[in-house]
Each structure stands twice: as structure tokens, then as C-alpha cells.
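Encoded as C-alpha cells, the structure appears first; notes follow it.
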Amino acid sequence: MESARLRTPQRAASLQRLDPPSLVGSPPQLDVARQSGFFAYNPEKEPIKAYLRLRPKTEHGASHEKHDSLMESMSQPYLQVVDDHEIAMMPPADSNAYRTRNRAPERYRFTKIFTDRYRQQPFFASTTLPLIKDVLSGENALVFAYGVTNSGKTHSIMGHPSDPGILPRTLDVVFNSIQDFIGDSKATDPWQSAHIPIDRDTTAVQIDQGFEYNIWVSYAEIYTERIYDLLVPPDRHQKRKPLSLKYEFRSGHKYISGLKEVKVQSIEEAYTLLLQGQRHRAVYSTLMNHASSRSHSIFTIRIVRLPIVENDYVIDDPSFAMVSKMTIVDLAGSERYRNTFNTGIRLKEAGNVNKSLMVLGQCMETLRLNQLKASLGKRPAIVPFRHSKLTELFKSSFEGDGKAVMIVNVNSFDTGFDENSHVMKFAAVAKDVATWRRIHPKLDMQHASANASKRRRAISSQQSQGNRSSTPTFVVIPLHLFFFFSLVGLDTMTEDEQADDRLTEDEDEDEELEDPFVDNLIAQWADLRDKWIDAETRCASMEAEVRQQVAKETAHELRQMEDLYMSTISRREMLTIELERMKTRLADNDITKQSLLDKQLMLDLKREREQQQPDTVDAMDEDLPEQEQSPSLLLNDAPADDVAVPMSQTSSAPGISATEKFEQFLDLRKRLRRAVFKNEQYDVEANNIMSQIEQFEDVTFDLVKETNMGKLLKLISQHSFMDDPSALKQRATGLLKKYIQCSIATLAPERTTSNKRDSVVHVSVDAGKEEELISDMRDALDSLQDENTRLKHKLKTMEYNQRRLAQAFDNRVANHLATDSLKARTRKRRPHFYHFFFNFFCIGKRRGTRYGNDVLIRSVGTIVG
Ligand SMILES: Nc1ncnc2c1ncn2[C@@H]1O[C@H](COP(=O)(O)OP(=O)(O)OP(=O)(O)O)[C@@H](O)[C@H]1O
């Protein structure tokens, strides 16, 4: 690309001459400057000066309040003035910076910070006055005000008539300083105007008195990326004609082609032009500011110095003219769309303003980077000056032709932190960009005096009148011609010169088509790629950070859940064990309770019966054989025969009362007993009665119990019949089983499966009495068990006795039979006592046991008795 750029010798020469110092990293050499015929650069770099001006909190239109101390003026919402050079900005909670966690205070350094206690005069004296001296001695200078809308840029540049700003004061100082050395200074002033500020700046700087000074002014504005001349009166019937930028080959600068430059010879003329231009300026009243300018305004004061030689002669040879300029720019305010509610053309204005300011920022950034690269010996990147008219026009100034001063205006009272943070960042970048100072070649005055064309300084009044008329005459001079031809009086061009000029422009345009565009694209691409890589890296690191954080939190949550789960499980196990224990206890209690209730019920019944029929019980006991005293729970406590027990349970048989039923059943019981145990032919009678009992309907437990039927049936079931053709024994057993079933149903009619569960569940015991109750129950159970054991033992004894009786009965029967046959034989053959002793010895011998002897003795006793 470099080789392409240097293809032609002309191009190479121009580049050599025109490469700005910031691009090549060192100032152009003096000899090169001499070759070009103009200037050289001082190798000393000088960074762009950045001044911060804080707008006071004022009501709209009201003048600012005075603050006596610095501290008083530091009551900005998020700004803190650290000292004269440093400011800190604390992101408030509603700012983007705060939301994106950039909460640390931002610190910015400036050449000097002006709080609102500074009036216009000291502000001007610090920021601009030194530049005027330089401009009058041949240097270029640029002053530009930067800031968001309503931050005080126009106030700083223009001020009020009572308190003028930088621009009027600059004009004042320039004219104050050169008043005796101004070209055509004796001319009368037909534009004496009343617009001159009341508060004039009387300062004058020291100038080189060996020159005649000629002042030319121009006033332009850049509005929606179009350049307009503010000194052309607006025509209501014609559209404003935009001007174009042209490339001046020899100086390497861009200039506004067709812009009027007016030579002024007094401060009044200059003011008049300034005010005229201001009237033409596109001013739109936005919602935020009643006088918000939506264009960049550019006021240029050009100074052409011509050497004065002896006898008040002025050398009017262009080779000896020295031209410098001071440009004062009031930039349009950057603003956010959301703040202005703009639509349509207003939105377009805002977009263009923001675009040009953004490009300005990019240019500054690239220039700064190029400086760094130059110090590292790297190839510089292309600065995107061409991306906006503003930067294209000031390319030379930013590249280092002369001094640059940036005035940063900040209004923290109605502008958000984020907007002003952008402004501060821009300023931080811009102030790192270095510029170079020109070194002017020394003029050989003797040579000039001898060879150059000269004229007398004093200008005739005729000439003066010829130049002036009652209305101002605007003279159009292409700017680049100043460097060669523009001297006082040379304010028009020949046709040849104009043709030359056109040729130069065309050539330049052809040259520019070659490769800068491609270079520019490549630079943009590289820039974007770097930004993309940066953004990707930031994203990746943020993502990693977020992932780590999320993983940490998730692990913590999982641990907590696990602990909770484990504790829940162990608690559940404990509860299950406890529940089982309780269930067991309740079941035990239930059983115990039920058995106790049964027992109590029986005992109550027995007690009641004893109280009512003591004699009947006794009679029943006598009436029944000894072995009928059954230990059975059912039979043991049942009333005996013939007991007139009131019916607690009545038969459900229709047409028969409970008493009759009881009588009938009792009668059956008595008859059965008699038939089985007292009747010879028991089987016939008993069979009949048993059948009646079996067919007896609605037999209840109480009926069985109260009639002692159960006791009788048990006796029968245990009885050993010689002959049992009617199967009385089995039938009695069957009936007993039936009645026992009946008794279970009667005793616990409500103890169904569900009720059982209920009975278990509903046993509610007071916590305190639980142990007591259980111990009571245990005692009761123990006593029951004891009683049961006792009863079992008694039962065994009874069974034993029963067996003995049965055997004795058998023996008796056998003896009886034997005695009868012996009697019969003795009656026939032997005497009676012989027969007795015979029996005695026979039986004694046969048995040979004590049991046998006992039986024998008893038998003898019975016989004897
Ligand atoms: N330092 C100051 N002291 C007193 N008043 C000020 C100061 N700075 C600004 N103002 C007042 O604030 C108002 C807005 O200021 P100005 O018009 O200069 O803002 P601006 O930045 O130029 O706005 P825009 O970008 O919209 O043109 C004006 O009324 C001005 O008088």
C-alpha cells in the first residue's frame, strides 16, 4: 500500500512535504519546510490543552450565581473537584455505569479546571490569550468547545454583551494589539455598529512591530454534514448552497471552497460580521435549550503579516508574507435521542451531530495510538478524518499544525452521569494528542528590500474610499491563494490562476481516488477486528466469571438440600420407630382394656345376680353335680337352674315375649337335664328335647347364660354315655359352639374390623397417666393370669376327681354284680359270712393295692351299713 501511495514522484514529493508530524512520529525537517517555502516544525511536542469548565446551577436565562469558595462550587451532584487539575465523578445509582458495576469513581485530569466562580475574563485570559500572541507571531491555533447540549459551549465562546466570551475578546485583543500596524488602518469605518459588546476587553499583547498586519475573517457552519457560509445573507426564495471542501496541494490542507473571507480593518467591522453570521446560523429551539444550536460554527481570523522595511514601505511580495490563523469552533452539543424527543429533521440533525462528534473522538483516539506506535517503530493506522466534514476540515490542526485548545463544558445539574462520562473520556483522549510548533524561517530583509516589490504603508484616502462603500463588499478569495498571492489589494484572481487552481483540485481528487479509501477500509477493518477481539475476550471472561459464580451457588444449594434430605430421612426413621412402638403399646392397651372390660362385665353381672338371688344360687349349686362347676369363663359365672333372672336381652321372635321365651328355654334346659341324667330311657326323651333346643329361635347369649343352658350342654358334651344313639354328646358340643359364637357376637357386637381399629386409635390416654394406667393394667393382667392359673389348676383337680369317681362307680357296679352272683352260689352251697371273707380275700388278692383295699373297705362299710 505504501508503495502504491508513492507511485508517482509528484505524489511522493507531496507526501514527503505533507505528512503530518503525528503520522510520521517526528516533525518535518527544516530543510523540507524551506523547500516548500513556508515553515518547519519545532521538534518539541505540545499536547492539546484541555480545559474543563463547569456550568453553575442557574435558572433558565438567569445569570450565574457567584460562589466565594471553591468548596461551595463543588456541590455538583456527582462531580467532585479534587484540585485545579483533577476531577472525580462518582457514578450515581441511576447511571448505566453503576448498573454495569463500574462503580469506582472516575478520575480525569485537565490542564486546568474552571469552576463557576470563574468569570469570562479570567477564563479567556487562561485559555485563549496565550494563543493570540502565537497567532500574531505566525502560528496557527484552534480553539473548540466540546460538551453536551446546554452545557455552556456557546456561553464560553460568545458570552453575553455584558460579559463577552472567547470570540469577542479575541477580536478585541487582536485589534488592540495591532491597532497601529493594521493594514489600511486609516480607513473610515462605515459600519460603526451598536452591536459592540459593552464590556470590551482592553488587553493587548506584544507584537512584532516589523510587520503590517492584515486581518481577514470568515464564518461558516457545518449543519447536517453540509458546509454553509454564514456571511452570505439568506435568500428566502433560494435554497442555501452548501460549499465543498477542497484539497490545497502545496500546503496539504483542506479548505472550504467558495467561503467568503472578508478583510476587516477595525473591531467594529469584525463584530458586525460576527453578529451578522450569528443571525444566519441555524438555531433550533429544542426541548432542552431555547437557544440550542444544531450546527458546528467556525469563525476564522486570518492574519497576513507583511514585513515593513525602512521608510514605511511594506513588502508586498507573497514570498515574504506570513499567514497564520486562529479558528474558534463552537461545536454542536452531543445529545441523546431519548432526551430530546426529536423526530424527523430534528432527529437527523441530532444523528449528524453525534456522528461528526463520534468521528472526532475516533480521530483523536487513532492519533494518540499512532503516537504510541511511532515511538515503538510501528506502522501508523489511518486516521478517519474523511468520515466527517468537521474532522476533514481540521485535519491539519489535529495533525499538529499549530496549537489546539479544547474547552470541555460540563453541566452536571441537568445532564446525566453517562453523557458527561463520555465527554470526559473524549477529553482524556484528546489531551494526549501532541501537536507541533512551527518554526518560521528568518527573513532576509536586506535581500527583500532590494529585490521584492514594495509599497508605502500609508494608503491614500481615495484608495480607501474605493475599497469601501456604504455597504460591505465581500471578497471571495480561495484560501490557498493566501499562501502565494494574497496580500493587501490582491483580492481577486486572474483567469489563469483560477484555472491553475481547478487543475490542482482535479489532480488532487484523482490522486485521492487511488488508495486512501482502501487504506481507510483496511484500517477500519483492523480497528473493528481489534474491538471485536476485545469484546469477545471481555465476554468470555465475564461468562467464565458468571459460570463460576453460578456453579458455586448451585453447589452450595445442593449441599444444603442434601443435609436437609438426610435430616428428614433420619427424622422419618425415628418417627417410624416411635409410631411402631406406639402402635404396639396401643394394641397392648387395647387387648388389656378389652379383657378387663369383659372381666368387669362378668363381675358386674355376677355381683348383681348374687345380690338379687343368693338363695337360688345356693340351690343351684346343690342341684348341680360337683363336676358341673366349670372354670370356663362362660359357664363358670352362669346362673344355675331354676334361677329367675330378669331378661336383659329379649327374643326377636314375633308374638312371644322375652319372659315367655326365657321360661320356655329354661324349661327346655330343666327337661334336658332331667332326661339325660335322671331318666332311664334318656335317649328318647333327650333326643326330643335336644331337637327342640336346636330349633329354638333367636337364642341370645344372655338367654343361654341366664338359663344355664351352656353349663348343661358342656356337661353333656363331656359326659361318657354308655350308649348314645341320638349323638347327644356331639349335638351338645355343636350347640355349645353355636352359642359361643353367639356370645362373641353379643359381647362385642360393635367390634368389627374397622371398629377394632377405631378402638385402638381412639384409646386416648392422658400423657401423665399413661404409665399409671399401663401399670394398673399390668397389675390387672397379672391378677388375671394368676386367676387363670388357679382356675386351670382347679380344673385339673376336678378332672382328676372326676376320673376317680368314674372309676369308683365302675368298681361299685362290678362289685355289685359280683356280690349278686356270689350270693346266689353261697345260698346254694356255703354260709353267708364264708362268702363274705371269700370275696374279701379274692378282691384283696386281685387288687393288691391300697386303692383296691380302700375300695374294699368302703364296700364292706357300705355292705355292713
Ligand atoms: N458559566 C456559565 N455561567 C452562567 N450561565 C451559563 C454558563 N454556562 C452556560 N450558561 C447558561 O446556560 C444556558 C445554556 O448555555 P449554552 O447555550 O451556552 O449551552 P450550549 O452547550 O451551547 O448548548 P447547545 O449545545 O444546545 O448549543 C444559557 O442560558 C447560558 O447563559
Side-chain angles (χ1 to χ4, degrees), residues 51-67 70 72-76 79 81 112-128 143-169 197 199 221-224 230 278 281-299 328-337 339-342 346-347 349-354 356-357 360 390 406-416 419-420 422-424 426-427:
Y51 296 99
L52 175 67
R53 190 171 201 194
L54 301 174
R55 209 197 109 170
K57 187 180 183 183
T58 54
E59 292 305 315
H60 174 69
S63 65
H64 60 269
E65 299 140 5
K66 281 187 183 174
H67 289 282
L70 182 68
E72 246 186 299
S73 65
M74 291 193 314
S75 58
Q76 311 291 338
L79 285 181
V81 180
K112 188 168 168 58
I113 294 170
F114 293 91
T115 57
D116 51 359
R117 75 190 169 107
Y118 284 91
R119 302 292 299 268
Q120 299 278 35
Q121 206 287 324
F123 178 67
F124 164 75
S126 295
T127 57
T128 320
V143 177
F144 64 100
Y146 186 89
V148 298
T149 296
N150 207 25
S151 58
K153 297 183 295 297
T154 308
H155 180 84
S156 298
I157 299 294
M158 293 305 299
H160 290 278
S162 57
D163 194 14
I166 286 171
L167 183 46
R169 283 178 194 276
D199 184 10
E221 74 167 350
I222 302 175
Y223 174 68
T224 60
L230 284 178
Q278 282 211 308
R281 192 176 175 198
V283 175
Y284 179 73
S285 188
T286 62
L287 285 174
M288 295 184 71
N289 186 352
H290 284 262
S292 173
S293 48
R294 310 306 315 130
S295 63
H296 310 297
S297 74
I298 304 154
F299 192 91
I328 297 175
V329 183
D330 181 5
L331 291 175
S334 60
E335 62 184 332
R336 297 284 163 107
Y337 305 138
N339 288 347
T340 54
F341 312 106
N342 283 338
R346 298 279 89 84
L347 186 61
E349 276 178 2
N352 277 311
V353 167
N354 286 338
S356 59
L357 294 175
L360 180 61
L390 182 75
M406 175 173 57
I407 291 161
V408 179
N409 291 89
V410 162
N411 174 9
S412 57
F413 292 100
D414 73 350
T415 311
E419 277 105 326
N420 278 333
H422 282 121
V423 172
M424 296 292 184
F426 168 79

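In each ligand, atom 1 is the first atom listed, and ligand 1 is the first ligand listed. This one's a predicted model, so the numbers in the text were calculated from it and none came from an experiment.
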I'd like to know if [X] contacts ligand 1, where contact means a heavy-atom distance under 4.0 Å to any ligand atom.
X	result
Pro56	yes
Met158	no
Asn411	no

Numbering the atoms of ligand 1 from 1, which are under 4.0 Å from a heavy atom of Gly152? 8 (N), 9 (C), 15 (O), 16 (P), 18 (O), 19 (O), 20 (P), 21 (O)

Could you list which atoms of ligand 1 come closer than 4.0 Å to a heavy atom of Val148? 21 (O)

So, is His155 polar-close to ligand 1, with some N/O to N/O distance under 3.5 Å? yes

Return yes or no for this condition: an N or O of Lys153 is under 3.5 Å from an N or O of ligand 1. yes

Ser297: which residues meet the side-chain contact (heavy atoms from CB on, under 4.5 Å) condition with it, sequence neighbours left out? Tyr219, Arg281, Asp330

Option among Thr115, Asn150, Asp116 that satisfies the side chain to side chain donor-acceptor pair (under 3.5 Å) test with Arg55: Asn150

Residues at least two apart in sequence or cross-chain that pass side-chain hydrogen bond (donor to acceptor under 3.5 Å, both in side chains) with Ser156, listed by chain then number, are Arg53, Asn409

Check each heavy atom of Asp116 against ligand 1 and say whether those closer than 4.0 Å belong to the side chain, the backbone, both or neither. neither

Could you check whether any side-chain heavy atom of Arg169 comes within less than 4.5 Å of a side-chain heavy atom of Pro164, counting everything from C-beta outward? yes

